[in-house]
Protein chains: 2
Amino acid sequence: MNGPNDLIEIRKKYHHGDLREHLLDAVRQLIEQYGPDGFSIAQACRHAGVSTAAPYKHFKDRHEIMRHVAHQALERMRDGMQRAADAYPAGSPERIMALGNVYVTFAKTEPGMFVVMFSLTTDHAQDEDLMTSGKACFDIVIGVVADHMGLARQSPEVAARAYALWCFVHGHSFLTLDGKASKIQTPLDETTIMALVGRALVPDQIAV
Amino acid sequence: MNGPNDLIEIRKKYHHGDLREHLLDAVRQLIEQYGPDGFSIAQACRHAGVSTAAPYKHFKDRHEIMRHVAHQALERMRDGMQRAADAYPAGSPERIMALGNVYVTFAKTEPGMFVVMFSLTTDHAQDEDLMTSGKACFDIVIGVVADHMGLARQSPEVAARAYALWCFVHGHSFLTLDGKASKIQTPLDETTIMALVGRALVPDQIAV
DNA sequence: TTGACTAAGTTAGGACCGCTTACATATGTA
DNA sequence: TACATATGTAAGCGGTCCTAACTTAGTCAA
């Protein structure tokens with residue numbers, strides 16, 4: 001067939017070769033382009049040059065695809081966080097700033113993925129891979145905060161401070177994405193925000 | 001007609017009477033029950049006992065309905081925040097705690113609405129009513145923080161601190177909803193969290 | 001009271017989507 | 001080479017959003 005529909009890529013062979021990964025990538029692109037609710041699996045199939053039934057040889061349903069996409073994105077962000085942590089000496093304020101910066105930058109450059117990662121629409125809380133990835137991210141924060149405070153990773157003070165840091169940065173990322181932060185009449189630039197994070201949430205004189 | 005389909009309410013008259021409000025309410029209920037992506041306008045029509053074409057006499061499209069639902073929810077939260085602010089004397093720590101508590105409680109009791117309010121799927125950033133409602137919420141925070149710090153509402157310190165507070169509470173609410181907060185191995189109860197908010201974000205010794 | 005205008009319903013249907021079933025084709029292995 | 005399996009296709013069901021054309025009922029001026 002291959003009529004005048006909007007096929008992006010014309011496949012030569014009957015078998016695709018690596019449809020699974022190609023689909024995940026197409027979905028990622030489409031989500032960034034049209035938003036998590038503005039795209040369709042059928043659209044991704046057209047990108048991959050396969051029929052709309054093909055995905056179901058690789059995935060149970062739409063939600064499973066979304067979970068895999070979210071997982072890949074979370075792993076990508078985890079890599080970024082790890083690299084940021086490795087780039088600065090333990091205990092330095094720049095290290096925490098860099099960590100927060102990865103988060104906010106990810107939200108800005110891949111807003112679609114950010115929303116999908118923290119979406120409640122697909123049942124993420126039940127997905128084991130997603131939760132372990134998320135925990136791995138948080139463990140990085142735990143380690144950095146522990147180094148900074150000079151306490152053990154298991155210390156409840158560290159846990160509380162790390163969680164507070166996560167909440168703050170997550171909230172800031174989300175409100176920025178949402179456009180609410182920009183509409184609010186505060187002349188807060190990114191530097192001020194991150195400075196506030198560094199100074200307000202990890203000073204030694206404030207105990208839990 | 002009225003065959004054996006799942007009509008909830010049987011209408012007697014040809015005209016509904018107040019379909020517009022009835023639809024918004026049905027959508028709200030369905031979102032809480034099935035999630036923002038698990039419901040359909042058609043389902044809401046069945047609740048209201050009208051045909052699936054009826055909503056388009058009142059709303060442009062699905063997105064406009066979602067925006068109205070989000071707006072109503074935001075106004076409801078604003079009322080709660082205002083009541084919390086009025087319930088405590090200016091400058092008292094309990095006042096800030098109560099304000100944050102309204103936010104978190106709203107997220108917990110109406111998770112569907114919370115997600116819709118801060119959803120990027122429907123183009124909220126363009127909606128004027130939504131943005132003004134959001135700004136009204138933030139103005140309450142501004143006022144409370146200004147009272148607490150003993151500074152003018154227009155002070156940049158107040159703006160920074162209020163925004164930080166908002167970020168923190170929003171992040172905590174979202175992570176709680178997402179299930180990530182509960183899965184993270186931190187024994188942080190709500191009281192500890194809110195205490196951390198009160199102490200870390202609005203102490204006078206930390207300047208911007 | 002009547003008759004036109006309008007608001008708010010209806011039915012019918014198109015375009016699209018997710019997903020399933022039955023069938024077709026390629027690939028690896030004995 | 002023969003068969004089992006993995007991976008594709010075509011066809012179609014039920015559902016969604018939304019539009020077009022029609023119908024009903026309420027309002028208001030003459």
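Quick note on labels: first sequence line is chain A, next is B, and so on, each numbered from 1.
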#### Entry: Residue-phosphate contact under 4.0 Å: B:His58 side-chain N/O, C:dG9 OP1/OP2
yes
#### Entry: CA sep, side-chain torsions, deciding dist, call: B:His172, A:Tyr163, side-chain contact (heavy atoms from CB on, under 4.5 Å)
CA-CA 9 Å; B:His172 172 54; A:Tyr163 181 70; 2.6 Å; yes
What protein N or O atoms touch nucleotides 17-21 of chain D N or O atoms at under 3.5 angstrom, if any, and at what distances?
residue : atom : partner : partner atom : Å
D:dC17  : OP1  : B:Ile41 : N            : 3.0
D:dC17  : OP1  : B:Arg62 : NE           : 3.1
D:dC17  : OP2  : B:Ile41 : N            : 3.4
D:dC17  : OP2  : B:Ala42 : N            : 3.1
D:dC18  : OP2  : B:Tyr56 : OH           : 3.0
D:dC18  : OP2  : B:Arg62 : N            : 2.8

### Message
Do the side chains of A:Asp79 and A:Arg76 get close enough for a salt bridge, i.e. N-O under 4.0 angstrom?
### Response
no
### Task
For the pair A:Tyr103 and A:Phe174, evaluate ring-ring contact (aromatic ring centres under 6.0 Å, His included) and give the outcome as yes or no after the intermediate values.
CA-CA 10 Å; A:Tyr103 207 89; A:Phe174 208 90; over 10 Å; no
### Summary
Between CZ of B:Phe59 and C1' of C:dG9 the distance, given in whole Å, is 15 Å
### Task
Measure the distance from CD1 on A:Ile65 to P on C:dC19 and round it to the nearest whole Å.
8 Å
### Message
In this structure, how many angstroms lie between the C1' atom of C:dG9 and the NE2 atom of B:His22, rounded?
### Response
15 Å
### Minimum heavy-atom distance between B:Gly134 and B:Trp166, given as atom pair plus value
O-CH2, 4.2 Å
### Query
Under a 4.0 Å N-O cut-off, is there an ion pair linking A:Arg83 with A:Asp86?
no
### Message
For the residue pair B:Arg62 and B:Phe39, would you count it as a cation-pi contact if the rule is NZ or CZ under 6.0 angstrom from the ring centre and within 45 degrees of the ring axis?
### Response
yes
### Task
Could you tell me the separation between the CG atom of A:Asp37 and the P atom of C:dC17, rounded to a whole number of Å?
14 Å
### Query
Are any of A:Arg20's side-chain N or O atoms less than 4.0 Å away from OP1 or OP2 of D:dA6?
no
